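On a predicted model such as this, the values are computed, not experimentally measured, just so you know. In the text below, chain A, chain B and the rest are named by the order of the sequence lines, each starting its count at 1.
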2 protein chains.
Amino acid sequence: MPTPHYGQPLYRVIADELRERIESGVIPPGALLPAESVLTVEFRASRGTVRRAIAALRNEGLANTEHGRGTYAQANSYDHDPNRCSGIETRQREVAADAELADLFGIEVGALLIEYESVTRRGRGVERVARVYRLKPTCH
Amino acid sequence: MPTPHYGQPLYRVIADELRERIESGVIPPGALLPAESVLTVEFRASRGTVRRAIAALRNEGLANTEHGRGTYAQANSYDHDPNRCSGIETRQREVAADAELADLFGIEVGALLIEYESVTRRGRGVERVARVYRLKPTCH
DNA sequence: AGAAATTTGTCCGTATGTATC
DNA sequence: AGATACATACGGACAAATTTC
């Protein structure tokens, strides 16, 4: 059992797949992801690798893990019905790109990006705020 | 980017920094050090290098590692309230809270937050940028 | 109320492949 | 060539929070 990682590292492949399931609604907001032990079987990966993938999702604000419980999907990207929420506050708006975002996306400073913001609360305080930026859908 | 080690090897630099925190009381006696995974991020070092640094502290009697639990700071006294500095996961920096973040977190505008940024690429371009904000870990 | 099972958190040891000094 | 360091990945074990019986 060597260490291929030709092309993409395995943990990123797993993260991409799980992200897709969350964003597509296969795993709806607020639902638990499969346990780590289940994911190791499905992706034939070690637990460490699975955990690394999940950590990536947490960093993107797409997942929220609780000790002894599991990892919850967090609503984030495009919802098809902006009026419906399931306990997680998200919102979408347009913002002007700052210098760093402009550089990353290869656009001009001040150009408009779409920003999704989601707020995670713990108790009565705010634990985390995630802001996800994307290019506006290309119109032609 | 790898392997500068001008003068001192990285593992020794890390050991020096952690020793400083323990001896200065930043990490009080009996408290847990940040997890290996956290230290790899903070010091931008591989796990092997971090473990080597911690091993050095153990050798000096400054730290005490328990399997499955963590590494404790070990000074010359015993029994203090188990204090935890919670962790960090990827490349992070400190930023000043804008009005909205300040409102959400219940802090003052301009107060420092920890920002994690992750970039998802598609082909040559950037598909999305996620910025996740958290309060700075308060260790009291 | 208590024990067992589940699940996440952390550490241990090892391994392969690459890159730089 | 050797030492240092990186990223990736495996499997195992123990610890701790939560849920289930």
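Atom C1' of nucleotide C:dG9 and atom CD1 of A:I54 are separated by 12 Å, given to the nearest angstrom. As a whole-Å value, the separation of B:Y72 OH from C:dC11 P is 10 Å. Counting to the nearest Å, the C1' atom of D:dA7 and the OH atom of A:Y11 are 8 Å from each other. Rounded to whole angstrom, the span from the CD atom of A:E66 across to the P atom of C:dG9 amounts to 10 Å. With rounding to whole Å, B:I14 atom CD1 is found 12 Å from D:dC6 atom C1'. In this entry the distance linking NE2 of A:H67 with P of C:dG9 reads 6 Å, nearest Å. We find that CG of B:N64 is positioned 13 Å from P of D:dA15, with the value rounded to whole Å. Rounded to an integer number of Å, the gap from CZ of A:R52 to C1' of C:dT10 is 16 Å.
Among C:dC11, D:dA16, D:dA9, the nucleotide with an atom closest to any side-chain atom of A:S46 is D:dA9. Checking C:dT7, C:dC12, D:dT8 against the side-chain heavy atoms of A:P9 singles out D:dT8 as nearest.
The base of C:dG9 is paired with the side chain of A:R47 by a donor and an acceptor separated by under 3.5 Å.
No option in A:L62, A:I22, A:T65, A:V38 other than A:I22 meets the side chain to side chain contact (heavy atoms under 4.5 Å, CB included) test with A:L33. When the options A:I27, A:V50, A:T40 are evaluated for a side chain to side chain contact (heavy atoms under 4.5 Å, CB included) with A:P34, the one that passes is A:I27. Partner A:I14 forms a side chain to side chain contact (heavy atoms under 4.5 Å, CB included) with one of A:T49, A:L39, A:L57, A:I54 and no other, that one being A:T49.
Rounding to the nearest 0.5 angstrom, the gap separating the CD atom in A:E115 from the CZ atom in A:R131 is 5.0 Å.
Within 4.0 Å of A:G48, counting heavy atoms only, lies no atom of the nucleic acid at all.
In this structure, B:R69 does not reach the C:dC11 phosphate: none of its side-chain N or O atoms is under 4.0 Å from OP1 or OP2. Contact annotation: B:R51 side-chain N/O to C:dG13 OP1/OP2 distance is under 4.0 Å. Side-chain N/O atoms of B:T49 include one lying less than 4.0 angstrom from OP1 or OP2 on D:dC6.
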Compile the donor-acceptor pairs under 3.5 Å between side chains in residues 100-112 of chain A and protein atoms, sequence neighbours left out, one pair per line.
{"residue": "A:E100", "atom": "OE1", "partner": "B:R93", "partner atom": "NH1", "Å": "3.1"}
{"residue": "A:E100", "atom": "OE1", "partner": "B:R93", "partner atom": "NH2", "Å": "2.7"}

